[in-house]
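The structure appears right after this line, and notes come after that.
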Amino acid sequence: MAHQSELIARDIGAYLHVQEHKSLLRFITCGSVDDGKSTLIGRLLYESKLIFDDQLTQLAADSRRVGTRGGELDFALLVDGLAAEREQGITIDVAYRFFSTERRKFIVADTPGHEQYTRNMVTGASTADLAVILIDARKGVLVQTRRHSYLVHLIGIPRIVLAVNKMDLVGYSQASFDEIVGHYRDFAARLGLTDISAIPLSAVHGDNVIAPSTHMPWYAGPTLLQHLETVEVDAALAGQPFRLPVQWVNRPNAEFRGFAGLIAGGTVHRGDRLRVLPSGREGRVARIVTAGGDLESASAGQSVTLTLDTEVDVSRGDVLAAADAPPQVADQFEATIVWLQDEPMLQGRTYLMKTGTRTLSATVTPLKHRVNVNTLEHEPAERLELNDIGVCELELDRPIPFEAYSESRALGGFILIDRLTNNTAGAGLINFALRRSQNVHWQALDVDKQLRARLKGQKACVLWLTGLSGAGKSTIANLIEKRLAAAGRHTYLLDGDNVRHGLNKDLGFTAQDRVENIRRVAEVARLMVDAGLIVLVSFISPFRSERRMARELFAAGEFFEVFVDTPLAEAERRDVKGLYRKARRGELKNFTGIDSPYETPETPEIHIDTTALNADQAAGSVIAHLASRKVIAGA
Amino acid sequence: MNRAAPPGDIPAARAAPATLTHLQRLEAESIHILREVVAECEHPVMLYSIGKDSSVMLHLAMKAFYPAVPPFPLLHVDTTWKFRAMYEFRDAMAKRLGMQLLVHVNQEGLRLGIGPFTHGSQVHTDVMKTQALRQALDQYGFDAAFGGARRDEEKSRAKERIFSFRTAQHRWDPKQQRPELWALYNARKRPGESLRVFPLSNWTELDVWQYVYLEQIPIVPLYLAAERPVVERDGALIMVDDERMPLRPDERPQMRKVRFRTLGCYPLTGAIESQADTLPAIIQEMLLTRTSERQGRVIDHDAAASMERKKQEGYF
């Protein structure tokens, strides 16, 4: 049995000594609805004696009340945790379970089989050493099986156990088993998955779960638990070149400056020469500090603190790497993205990217294709919806040290964070750096923004007017520019309609195109501010995310968001261009306020209520604000 | 600048291992989590409940930031009904480690005389624990709080993230949890929102005990069996820890050799009869008994799925 009760009772000291040297295996179970995942995990917990008497009493009561096994023990109830799930009889999120045997401790990520919950499976898979893919012997390889296998392959889990469950319902037939395994191997080979162990079992009755089945004498391989206990846990990480993403700089006093982090790959010895990336400076390891005393060496998987023999600038987000085998540095990548939130991923939109211990801005440049996870075909796409997987290019706001995900999960895996909601929006895998990113550098120029602006006797800035169509943005912007010009200021007005006649005439009004429209205008405005101009931008710019992206292109104090606030009913009543009438008639699609949202600014620098001010007064209030911020002298 | 830790607190060095054992992997993961919060959050705090899990978490924090002292305070949400031995232990630990200890009591609850004997476990826990915790987090403006909860303790914990997001009202929404991939934790939040962070998520009760044993981590003596005055009440052995405990007419405190598997408010924490007065004996007993850890806690029996509900309301 799993824990050696005899040894525990006889010699607890000896038992503890054995326990001290256990290894850890993390695995994920995946399968379709009703494949028996929860039952299988419940069975593993039960048989490894991790179900206590009080839980068993509860289980017996629950089995009678809501069980699906006619009052017999329903092991699935042990692991279907949340109240909502019990009512629906399904698993709706990733749950982690623990059990151990004398050889190993196991952490199981239990993930749902519903198609819409791909994100949960990717989450569970990201930390797994091995995947158990369940198949219902009556149903064989299903669409979901292919999907799960593709995800396992994508996340790079090296080992697969194909657990053909419910063998009792096919008469424990070897022919059925062989046929399913044959089908599966054909499919898996196309993905490049080769390390597959197939085991026939019945989770409900316990066949081949812990003990060998008496019903399937034709099967001579290990039981599921025997396999999990003996399969080799990858130790290859320690053999890679040394990598330590710096988490935290430890400075308890002026004498000590240590760089703390979890070693992502390789081994480090005292005296090793390390390179700091992205800066490229080098130093030697002076000490490997742990609370238990200094170490001579440390390897992948350990959390340590290193000190260097020279004063080198190192901060959180940097990577310390073997000086003779450093990772590359780049700021543009091709990456595979798994989309995890309801709000779709749009081309041109900027997200926060967290990779290693570094968080920075990443903009989605072309989305190349979406992967149909059922057929593995590439399909053209302009956006990624929840649970979509696609390949895109990413442009970062600064270069980072990286490795391809296939080389290093730690330096090649990342998450994308929605900058408005702070939700984890996507998971990504770096495929490779784009060559242009390693060769194109920002050219530092001697004449800069401040000098150009000073020659014009002004401070450069951008006034970003946002509001509904017909709110009065262009009218007000025009009046502001006239006043500034009259006061001798150098200005330029970028108007939404005008820009769409030229620079942006290839763009329509879909959400993606709106994002790209704003991105281009924001970049143009930035160049103009760099030229020392006061730039007025008059664009509906309906999404907070893009307005924030625009704001972040500018230095503090350079960006003024002007919310031209006109209620929809009022804008529609005015309807200067007749557009609202067209939109109401359905002749204009994606019209802001009608069938496309306008996200109201939360904290604009200037808020203009057009129901209280006329255009002249509105322009005056903007000029007054600029004067109060010393952008222009009092006018 | 972080202050330096007092020397001599941590057991002697062990050599760097060739392959990591399960405890070494768990330890490295927990240290990574602790550091990540300190690097990304502005005002973290460690919830210190004085139990064995808190002791392990604190020990890991001493390791994570060594030679600095952990750069955050400890917070004890005090219901005023803990065992006396817990208070003594708490004060001694904070003093020895040189860490700041904040103690918060719900003064309103105290004024109303809320207690487990007079108001029952549900009201007492809600007012003196759940509400008190929210008060303390708001009062000090903490944006991240470490807790010692483990996923193996209870079913709704099994699904909770390591970095568990809370709204400005401290609510947990089990259906809106952020996916957590690799070791990439998303600590972003808006002002007022906060995180509860569980560095021991992947530890089991056995792991905790084994680690306490290997690392010689100090724990409250109540975990070890000793002669203690108890009464048998509603099927549980309750220790008569002070004079506030009203005895029923037929109750006579008697000395029995007991210990506690979990520690909380003494009127709500059942003892078990035991001879286990050493750590190996405790582990031995735990492995050979067949009753789960939380069973000694009266609060879990109140309602089905009660923990999930309490957590949604802001309980740890």
Side-chain angles (χ1 to χ4, degrees), chain A residues 3 5 8-9 12-13 16 19-24 52-55 81-83 93-98 100 105 107 119 122-123 126-127 235 247-248 250-253 256 260 262 289-293 295-299 301-303 316 340 354 357 409 413-415 417 422-424 427, chain B residues 1-4 10-14 16 19-25 28 31-32 35-36 38-39 62-68 151-152 155-156 158-159 174-175 177-184 186 188-190 202 204 206-207 210 213-214 280-281 283-284 287-288 290-292 295 305 308:
Chain A
H3 281 289
S5 304
I8 294 168
I12 184 68
L16 286 172
Q19 294 300 302
E20 208 183 307
H21 296 90
K22 274 196 297 202
S23 57
L24 175 61
F52 295 106
D53 285 344
D54 55 330
Q55 290 173 320
L82 300 179
D93 201 342
V94 191
Y96 296 90
R97 313 287 169 197
F98 307 85
S100 61
K105 165 173 172 145
I107 302 180
R119 67 174 213 162
V122 170
T123 302
S126 72
T127 51
Q247 263 193 300
W248 187 67
N250 192 346
R251 301 192 62 188
N253 53 53
F256 190 89
L262 180 66
V289 181
T290 75
L295 302 177
E296 271 304 309
S297 66
S299 295
Q302 286 183 279
S303 280
R316 172 170 168 86
L340 305 173
K354 182 168 183 184
T357 54
R409 285 189 187 188
F414 60 88
I415 56 172
I417 300 171
N422 288 324
N423 283 334
T424 303
Chain B
M1 287 277 181
N2 315 296
R3 287 167 304 142
I10 309 285
R14 291 189 306 272
T19 47
L20 300 182
T21 67
H22 74 297
L23 285 177
Q24 285 165 336
R25 269 179 82 174
I31 288 175
H32 176 77
R35 289 171 173 170
E36 203 61 11
V38 163
M62 296 305 291
K63 287 192 164 195
F65 302 101
Y66 178 86
R151 283 172 173 158
D152 80 324
K155 270 186 283 194
S156 75
K159 308 213 162 185
K175 292 196 176 159
Q177 298 196 81
R178 294 173 177 174
E180 213 157 64
L181 293 104
W182 300 292
L184 292 174
N186 177 357
R188 309 217 33 121
K189 58 210 170 309
R190 284 185 266 209
N202 288 325
T204 61
L206 176 59
D207 297 330
Q210 187 139 25
Y213 173 65
L214 280 174
I283 298 171
Q284 184 176 37
L287 289 171
L288 296 177
R290 306 265 298 155
T291 310
S292 76
Q295 205 214 12
E308 188 180 338

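Here is how names work: the chains are called A, B, and so on, in the same order as the sequence lines, proteins then strands, and each is numbered from 1. None of these values were measured; they are calculated from a predicted model.
With a 4.5 Å cut-off on non-hydrogen atoms, A:K354 touches chain B through its backbone and its side chain both. Heavy atoms of A:F256 lying under 4.5 Å from chain B belong exclusively to its side chain. Contacts of B:R35 with chain A are made by both backbone and side-chain atoms, with heavy-atom separations under 4.5 Å.
With hydrogens and angles disregarded, a donor-acceptor distance shorter than 3.5 Å links the side chain of B:R178 to the backbone of A:N422. Here the side chain of A:S303 pairs a donor or acceptor atom with the backbone of B:A28 at under 3.5 angstrom. The closest donor-acceptor contact from the side chain of A:N250 to the backbone of B:Y66 lies under 3.5 Å. Between the side chain of B:R25 and the main chain of A:G301, no donor-acceptor pair closer than 3.5 Å is present.
Between A:L16 and B:P280, some side-chain heavy-atom pair lies under the 4.5 Å cut-off.
Rounding to the nearest 0.5 angstrom, the gap separating the CG atom in A:L24 from the CG atom in B:L20 is 10.0 Å. To the nearest 0.5 angstrom, A:S23 atom OG is 11.5 Å from B:L23 atom CG. With rounding to the nearest 0.5 angstrom, the CG atom of B:N186 is 5.0 Å from the CD1 atom of A:I415.
For the set B:E180, B:R190, B:Q210, the count of heavy-atom pairs under 4.5 angstrom toward chain A peaks at B:Q210. Ranked by non-hydrogen atom pairs under 4.5 Å with chain B, the options A:L340, A:T357, A:L262, A:T127 are led by A:L262. Across B:I31, B:D207, B:L184, the residue that shares the most heavy-atom pairs under 4.5 angstrom with chain A is B:L184.
Side-chain rings of B:F65 and A:W248 approach one another, their centers coming within less than 6.0 Å.
Shown here for B:P179 and A:T123, the closest heavy-atom pair between the two residues is CB-OG1, 3.5 Å.
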Could you walk me through whether B:H32 and A:Q247 pass side chain to side chain contact (heavy atoms under 4.5 Å, CB included), step by step?
CA-CA 8 Å; B:H32 176 77; A:Q247 263 193 300; 3.2 Å; yes
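Partners of A:R316 by salt bridge (Lys or Arg N to Asp or Glu O under 4.0 Å), not counting sequence neighbours, listed by chain and number: B:E36, B:E40.
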